[in-house]
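Structure record follows, encoded as structure tokens.
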Amino acid sequence: MNPVRDYPEVWLSFYRIVRRIPRGRVATYGQVALLAGKPRSGRHVGYALRALRGTKHRVPWQRVLGRRGARHGGISILDPMGAAAQRALLEREGVLFDAKERVSLEEYGWRPRR
DNA sequence: GACATGACGTAAT
DNA sequence: TATTACGCCATGT
């Protein structure tokens, strides 16, 4: 069975959005939720992405960050190993973190048209 | 159905 | 800028 296909439809809509985030750019959970038509379901984007651990998929989950302020994003994964993995993946595609473990959304934020 | 949980976000302090 | 408080809502129990 396909581990992704069998997830709830809401989650699939999140995955569709996340797949559109280009290499080297990042989005926030709230942004993904908004684009998926669920303005106040940012938390659930995290749920959906967490469910991908250890599965075969093509979802660039590392490009989704939590809001750390008006212009910054940061890792929200609770598991330290997962957090380190996310940072490593992002740095490998050119996304740099500042001294406070934050990413500038001005610089790396994904700004989709429509 | 009630209740707790959580990879969130915003406003208030 | 940092911390706290609270709203939100799909899932799992």
inquiry  = Quick check on the hydrophobic clustering: are A:L89 and A:V32 connected, directly or via other members, by side-chain heavy-atom contacts under 4.5 Å?
reply    = yes
query = Is there a donor and acceptor pair closer than 3.5 Å between the side chain of A:R43 and the base of C:dC8?
reply = yes
message = I want to verify a distance call: between B:dA7, C:dA10, C:dA2, whose nearest atom is closest to the A:Y29 side chain?
response = B:dA7
ask   = Is A:R87 salt-bridged to A:E93, going by a charged N under 4.0 Å from an acidic O?
value = no
request  = Check the distance between C:dG12's P and A:W11's CH2 and give it to me in whole angstrom.
outcome  = 6 Å
inquiry  = So if I take every side-chain heavy atom of A:I77 and compare against B:dA7, C:dC9, C:dT11, which nucleotide ends up nearest?
reply    = B:dA7
request  = Take A:G30 and A:Y47, find for each the nucleotide of DNA chain B with the closest heavy atom, and name the residue whose nucleotide sits nearer the 5' end.
outcome  = A:Y47
inquiry  = In whole Å, I'd like the distance from the NE2 atom of A:H44 to the C1' atom of B:dA4.
reply    = 13 Å
ask   = Between C:dT3 atom P and A:R67 atom CZ, what is the distance in whole Å?
value = 19 Å
note = Between CZ of A:R68 and P of B:dG9 the distance, given in whole Å, is 9 Å
remark   = Regarding the side chain of A:K100, the nearest nucleotide among C:dT1, C:dT11, C:dC9 is C:dT1
query = Could you give the CE-to-C1' distance, from A:M81 to B:dA7, as a whole number of Å?
reply = 16 Å
inquiry  = Exactly one of A:I21, A:V64, A:I17, A:L52 should register a side-chain contact (heavy atoms from CB on, under 4.5 Å) with A:V59. Which one does?
reply    = A:L52
ask   = Starting at CH2 of A:W61 and ending at P of B:dC8, how long is that distance when rounded to a whole Å?
value = 14 Å
ask   = Of the nucleotides B:dG6, C:dC8, C:dA2, which has the atom closest to the A:R40 side chain?
value = C:dC8
